[in-house]
Amino acid sequence: MEGGGGRGRRGKLMGHPNRAAVFACLFACFFSLTACAPGITGRQGFAMDTVVSLTAYGKDAAAAMDAALAELAALEARLSVTRGDSEVAKINENAGELVSVSPQLQSILETSLTVSRQSGGAFDISVYPLVKAWGFTTETYRVPEAEEIAELLPAVDYTKIRLEGQSAGVAAGMAIDLGAVAKGYAGDALAEVYAAHGVRSGIINLGGNVRAVGEKPGGQPWRIAIQDPYKDAGNACILEVRDANVITSGAYQRYFERDGVRYHHIIDPGSGRPSDSGLASVTIVAAGGAGAMADATATALFVMGLDDGLAYWRNYGGFEAVLITEDGAMVVTPGIADQIRDVAAGFRYSVADGK
Ligand code: AMP
Ligand code: MG
């Protein structure tokens, strides 16, 4: 059972000057595939296993969005673990050897390995055999036996992922998947496509991984909602940002239930089971260009939990975070505190101690 329409609900765009009109416009554009008002256009689609929603403003907005969707399709073909002809599939099929990889994949692997090292393995793209065993790749969900998990765990080891110049590979018996980092990378790649078409204002929403491009046409910051992890619909708070990545990992995004127990899709590479760190969601806010890092970091901190997550932030920095615990606390890092609006009633809000 897919959890509560979990995909594509994160980080909804809020506070547009005329939201009703724009949503009507998005709807019309979806069918006509033409710009429906001068300088404003939208596109919706499905890619990287998630709902994609693009908005752009400016003279060449329509062409920018078409080119961005084409770029996203090209990235998916290259990075998807389930496409037999992808670069990731090539690495997995040739486990034990090095294969040549594109500059994009090199960059993603480099970021992944950095976050793996910094998080002590809480983030590990080689957790894929476990993700698969729990059925999250194919949506044929199941609870693996303890013995099966114990057999698969030795294959989870980011220190055995090799990246040497233009070549990469994993040790025999291993496999990787980029589900926790590729959308963050793609957000920035699509923002570059916007820039190449002269688009300086827009929103790239990849299933809630939001890349806010520039600011609103009127010069105001974008208002990005963080989903309330306890509610099917509803916001925990709003973030005001300009030219930023806003990327959330949450237990509510994908899960299934068996015998009254809920199992979500973020696996603790230590236990081989859905992580149980006491966090309900982690949102990372980082500059444009840092999307892959932000995506990997959101997943890492979700596994690490509140205290270790804040320690990570104090150590490495380069991002701000909103951490929501299972018992209703919302802790934000000081650098983002003055951009938080409309905290929903019921959350215990606090600002973390600085470095
Ligand atoms: P995200 O939504 O960015 O947190 O990514 C979650 C997805 O990344 C899952 O659906 C898995 O495909 C994969 N994944 C699960 N656990 C981990 C982990 N600890 N490290 C890296 N990737 C993971
Ligand atoms: Mg992630």
Side-chain angles (χ1 to χ4, degrees), residues 2-3 6-11 48-51 79-82 88 92 108-109 111-139 141 149 152-153 155-158 161 170 174-188 206-211 227 229 245-256 263-277 279-286 290-305 308-309 312 319 321 323-324:
E2 173 66 31
R7 275 183 261 161
R9 278 190 299 131
R10 289 177 277 175
M48 292 196 173
D49 208 18
T50 198
V51 175
L79 303 176
S80 164
V81 71
T82 52
V88 170
N92 291 345
I108 292 171
L109 290 175
T111 302
S112 297
L113 290 173
T114 299
V115 176
S116 289
R117 277 191 290 270
Q118 293 181 170
S119 67
F123 180 83
D124 191 334
I125 55 176
S126 71
V127 80
Y128 180 57
L130 272 308
V131 172
K132 210 166 144 188
W134 285 87
F136 286 109
T137 311
T138 52
E139 297 186 12
Y141 301 124
I149 292 176
L152 292 172
L153 275 175
V156 181
D157 185 353
Y158 72 89
I161 299 171
V170 294
M174 290 176 66
I176 58 168
D177 124 69
L178 305 177
V181 60
K183 288 199 286 286
Y185 180 88
D188 282 334
L206 308 176
N209 276 29
V210 177
R211 173 66 163 90
Q227 162 92 35
N245 284 286
V246 181
I247 295 183
T248 300
S249 280
Y252 62 88
Q253 286 165 346
R254 189 172 301 190
Y255 61 84
F256 67 96
Y263 301 95
H264 65 76
H265 68 135
I266 301 174
I267 306 294
D268 180 340
S271 68
R273 305 177 61 83
S275 75
D276 187 19
S277 69
L279 287 173
S281 76
V282 174
T283 299
I284 300 296
V285 184
M293 179 280 289
D295 195 352
T297 303
T299 309
L301 265 56
F302 187 86
V303 173
M304 294 171 81
D308 288 354
Y312 183 104
F319 63 90
L323 302 113
I324 298 179

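Worth saying up front: this structure is predicted, and the values here are computed from it rather than measured. All ligand and atom numbering here is 1-based and tracks the order in the structure.
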Quiz item: For Phe136, is the nearest heavy atom under 4.0 Å from an atom of ligand 1?
Solution: no
Practice problem: Measure Pro269 to ligand 1 on non-hydrogen atoms and call it side chain, backbone, both or neither using the 4.0 Å cut-off. | Solution: side chain
Exercise. For residues Lys183 and Thr50, report the shortest heavy-atom separation together with the two atoms involved.
Key: CD-CG2, 3.7 Å
Quiz item: Got a donor-acceptor contact below 3.5 angstrom from the His265 side chain to the Trp134 backbone?
Solution: no
Quiz prompt | Minimum-distance pair of heavy atoms, taken over all atoms of Tyr158 and Asp124 | solution = N-OD2, 3.0 Å
Quiz prompt | Per-atom contacts, ligand 1 versus Asp295 - under 4.0 Å to a heavy atom | solution = 3 (O)
Quiz prompt | Any donor-acceptor N/O pair, Asp188 side chain to Gly291 backbone, under 3.5 Å | solution = yes
Quiz item: What part of Ile247, side chain from CB on, backbone N/CA/C/O, both or neither, has a heavy atom under 4.0 Å from ligand 1?
Solution: neither
Practice problem: Would you please name every residue forming a side-chain hydrogen bond (donor to acceptor under 3.5 Å, both in side chains) with Thr283, sequence neighbours left out? | Solution: Thr248
Self-check item: His265, His264, Met304, Arg254: member with heavy atom nearest to atom 15 (C) of ligand 1
Solution: His265
Quiz item: What pairs with Asp268 under salt bridge (charged side-chain N to carboxylate O under 4.0 Å, His left out), at least two apart in sequence or on another chain?
Solution: none
Practice problem: Measure the spacing between CD1 of Ile266 and CZ of Phe136 and express it to the nearest 0.5 Å. | Solution: 9.5 Å
Quiz item: Are there any protein N/O/S atoms under 2.8 Å from the Mg ion (ligand 2), and if so, which?
Solution: Ala180 O, Asp295 O, Asp295 OD1, Thr299 OG1
Quiz item: Under 3.5 Å, side chain of Ser277 to main-chain N/O of Phe302, donor-acceptor pair present?
Solution: yes
Exercise. Counting heavy atoms only, name the option from Val127, Ile176, Ile267 that's nearest to atom 19 (N) of ligand 1.
Key: Ile267
Self-check item: With sequence neighbours excluded, residues passing ring pair (Phe, Tyr, Trp, His ring centres under 6.0 Å) with Tyr312
Solution: Tyr316
Quiz item: Is Ile266 close to ligand 1, meaning an N/O of one under 3.5 Å from an N/O of the other?
Solution: no
Self-check item: Under 4.0 Å to a heavy atom of Val131 - the qualifying atoms of ligand 1, by number
Solution: 11 (C), 12 (O), 15 (C)
Practice problem: Provide the closest heavy-atom pair for Ser119 versus Met304 in the form atom of the first, atom of the second, distance. | Solution: CB-SD, 3.9 Å
Quiz item: Do Tyr255 and Tyr263 make the cut of ring centroids closer than 6.0 angstrom?
Solution: no
Practice problem: Would you check whether Ser249 has a nitrogen or oxygen atom less than 3.5 angstrom from a nitrogen or oxygen atom of ligand 1? | Solution: yes
Quiz prompt | Per atom 7 (C) of ligand 1, closest listed option by heavy atom (Gly179, Ala298, Ala251, Ser275) | solution = Gly179
Practice problem: Answer with yes or no whether Ala122 contacts ligand 1, where contact means a heavy atom under 4.0 Å from a ligand atom. | Solution: yes
Self-check item: Those atoms of ligand 1 less than 4.0 Å from some heavy atom in Phe123
Solution: 20 (N), 21 (C)
Self-check item: Separation between OG of Ser112 and CD1 of Ile176, rounded to the nearest 0.5 Å
Solution: 8.0 Å
Quiz item: Counting heavy atoms only, which of Asp177, Thr50, Ile284, Val81 comes nearest to atom 13 (C) of ligand 1?
Solution: Asp177
